[in-house]
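Working notes, structure below.
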Amino acid sequence: MPELPEVETVRRGLDRLVVGRRVGRVEVGRERVVRRTSPEALIHGLTGTTILAANRRGKYLLLPLDSGDELMVHLRMSGQLLVARAGTPRPAHTHVVMHLDPAGEQPGVGRGKQRGGQPGDQPGDEVWFVDPRTFGEVVVFDPGNVAVELPELAAMGPDPISEGLSLAQLRGIVRSRSRQLKPMLLDQHVIAGIGNIYADEILHRARLRPGRLSDSLSPAAERRLHSAIHEILGEAIMAGGSTLGDAQYLDLFGDNGSYQDDHKVYGRGGERCLTCATSWLRTTQYAQRTTVYCANCQR
DNA sequence: AAACAAACCTGTGCGC
DNA sequence: TGCGCACAGGTTTGTT
């Protein structure tokens, strides 16, 4: 489900509510979501640690811990990260639960107000990892050994938001290979964070067809692609991401995004193009993914 | 090097 | 109402 804007929205929620908090008890339900290591490794790696930051690279959430290890969460297609007061009934498919000590108990590290009560005088919060399809995963890894423990991180392309992607950089990327633009945008080794929704929206904004070869762009077209990547991702983050009809994507607090209301092509196959108002949007396939584009606007 | 297919799972919506 | 099929935001792996 979630692409860069959705993961970024979750990251901001973690930054507000989870960073600076100490992890108490950890529960693991289905082992599949900790398949990279084991339930014991996750529980041992998290229990008693304090979360120092909430970072994101592409669709990966990376939370450094005061132990020196790092927590990685990937939502894949149907994963959600939600916070709730301890004791709140959990939804189906809740596979990992992290109990957070009450806020304000950590001297020195706390971000929120030090609310001066005794530890334990209020229920702590819980962070839930919920994932019906169990494609997502949760792992504690050693960042000093990332090439072995999370090799895909080391091989990932630049993240346009968290790391930046200059026009010169994008020119280097598109000219150094001859790839169809849609599969290229989806390839996390090339640029990190773009998925099926935003690839289509970016190409429509840039007025480029999904099948155009990356090394066939004019300098002006390269500029349009560069601008579109930043504009679309930026607007989507401002809107809190896209929540589709099935409401699978919700942020940390259970709220939906609103960028779905601004989609110009995704999910609109067969409709008239909103931009040119003359052509009908075509649905086709690239990289085994449904792709919608306007043959009039996009060349 | 790049394109393609299948695989990993569960839920939902649609046609019959 | 019930059943079967197609399809879904992602990524990896193995083949052409």
Side-chain angles (χ1 to χ4, degrees), chain A residues 1-11 29-36 56-61 72-81 91-95 129-139 149-157 159 173-203 210-216 232-233 236-237 239-251 256-263 265-270 283-292:
Chain A
M1 115 178 127
E3 308 180 24
L4 186 154
E6 291 76 29
V7 180
E8 174 63 17
T9 303
V10 172
R11 188 201 69 74
R30 283 190 63 167
E31 294 195 20
R32 188 175 143 71
V33 305
V34 293
R35 58 194 173 280
R36 197 180 296 245
R56 180 191 58 73
R57 275 196 63 196
K59 301 166 194 169
Y60 290 75
L61 286 166
M72 186 282 278
V73 178
H74 198 305
L75 273 17
R76 283 298 216 288
M77 293 283 268
S78 59
Q80 298 177 329
L81 222 41
H93 309 293
T94 302
H95 303 312
F129 178 79
V130 180
D131 187 5
R133 291 173 75 176
T134 66
F135 287 175
E137 63 171 316
V138 182
V139 65
E149 298 185 27
L150 267 179
E152 65 268 41
L153 259 195
M156 197 157 47
D159 180 305
I173 286 170
V174 300
R175 293 178 185 181
S176 68
R177 66 205 85 205
S178 186
R179 291 192 66 177
Q180 296 177 318
L181 291 176
K182 169 86 186 244
M184 191 196 73
L185 289 177
L186 292 175
D187 187 342
Q188 304 298 298
H189 305 283
V190 178
I191 298 171
I194 299 169
N196 203 40
I197 294 175
Y198 298 106
D200 278 10
E201 295 298 322
I202 286 166
L203 289 172
R212 266 289 285 279
L213 292 178
S214 59
D215 60 354
S216 77
I232 295 289
L233 294 178
I237 290 169
S242 302
T243 298
L244 304 184
D246 57 15
Q248 275 292 299
Y249 167 69
L250 301 173
D251 72 12
N256 56 265
S258 64
Y259 195 69
Q260 66 280 359
D261 299 336
D262 295 326
H263 291 173
V265 283
Y266 179 86
R268 293 184 174 275
T283 301
T284 180
Q285 292 258 128
Y286 282 96
Q288 300 181 96
R289 313 300 300 283
T290 297
T291 298
V292 183

Any [X] side-chain N or O less than 4.0 Å from OP1/OP2 of [N]:
{"X": "A:H74", "N": "C:dG10", "value": "no"}
{"X": "A:S178", "N": "B:dA2", "value": "no"}
{"X": "A:R32", "N": "B:dC9", "value": "yes"}
{"X": "A:Q248", "N": "C:dA8", "value": "no"}

Checklist entry - Contact class for A:S242 (heavy atom, under 4.0 Å): base, sugar-phosphate, or nothing? => result base

Checklist entry - Base, sugar-phosphate, or nothing: which does A:Y286 touch, judged by heavy atoms less than 4.0 Å apart? => result nothing

Checklist entry - Does the side-chain ring of A:F135 sit on the six-membered ring of the C:dT11 base, less than 5.5 Å centre to centre and under 30° in tilt? => result no

What's the closest nucleotide to the side chain of [X] if the choices are [options]?
{"X": "A:Y60", "options": "B:dA3, C:dT11, B:dA5", "result": "C:dT11"}
{"X": "A:R30", "options": "B:dA6, B:dT10, C:dG10", "result": "B:dT10"}
{"X": "A:R133", "options": "B:dA6, C:dA8, C:dT11", "result": "C:dA8"}
{"X": "A:P132", "options": "C:dT11, B:dA3, B:dG11", "result": "B:dG11"}
{"X": "A:Q288", "options": "B:dA6, C:dA8, C:dG10", "result": "B:dA6"}
{"X": "A:N196", "options": "C:dA8, C:dT11, C:dG10", "result": "C:dG10"}

Roughly, in whole Å, what's the span from [atom1] in [X] to [atom2] in [N]?
{"X": "A:K182", "N": "B:dA3", "atom1": "NZ", "atom2": "P", "result": "13 Å"}
{"X": "A:L4", "N": "C:dT11", "atom1": "CG", "atom2": "P", "result": "11 Å"}
{"X": "A:R289", "N": "C:dA6", "atom1": "CZ", "atom2": "P", "result": "18 Å"}
{"X": "A:H189", "N": "B:dA2", "atom1": "NE2", "atom2": "P", "result": "12 Å"}
{"X": "A:M77", "N": "B:dT12", "atom1": "CE", "atom2": "P", "result": "15 Å"}
{"X": "A:D215", "N": "B:dA1", "atom1": "CG", "atom2": "P", "result": "15 Å"}
{"X": "A:D131", "N": "B:dG11", "atom1": "CG", "atom2": "C1'", "result": "12 Å"}
{"X": "A:D200", "N": "C:dG10", "atom1": "CG", "atom2": "P", "result": "11 Å"}

Next on the checklist: For a 4.5 angstrom cut-off between non-hydrogen side-chain atoms, does A:M156 reach A:R57?
Outcome noted: yes

Checklist entry - Is it the case that more than 12 heavy atoms not belonging to A:E152 sit under 6.0 Å from its CD atom? => result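 Buried by this count: over 12 neighbours within 6.0 Å.
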
Next on the checklist: Is there a side chain to side chain contact (heavy atoms under 4.5 Å, CB included) between A:E137 and A:M72? Walk through the geometry before answering.
Outcome noted: CA-CA 8 Å; A:E137 63 171 316; A:M72 186 282 278; 4.1 Å; yes

Checklist entry - Do A:R179 and B:dA3 have a side chain to base donor-acceptor pair shorter than 3.5 Å? => result no

Checklist entry - If you measure only the distance, is there a donor-acceptor pair under 3.5 Å linking the side chains of A:S242 and A:H263? => result yes

Checklist outcome for this item: Contacts of A:L213 and A:H93 projected onto DNA chain B by closest heavy atom; the upstream (5') one is A:L213

Checklist entry - Only one of A:I197, A:L75, A:L186 forms a side chain to side chain contact (heavy atoms under 4.5 Å, CB included) with A:E3, so which one is it? => result A:I197

Item to check | Euclidean distance for P, C:dA6 against B:dA5 (whole angstrom) | outcome: 16 Å

Item to check | Watson-Crick or G-U wobble mate for B:dC9, both contacts under 3.5 Å | outcome: none

Checklist entry - Considering Watson-Crick and G-U wobble pairs with both distances under 3.5 Å, what does C:dG14 pair with? => result B:dC4

Next on the checklist: Check the orientation of A:H74 and A:Y60. Use parallel for under 30°, tilted for 30 to 60°, and perpendicular for over 60°.
Outcome noted: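 Geometry flag for A:Y60 against A:H74: perpendicular rings.
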
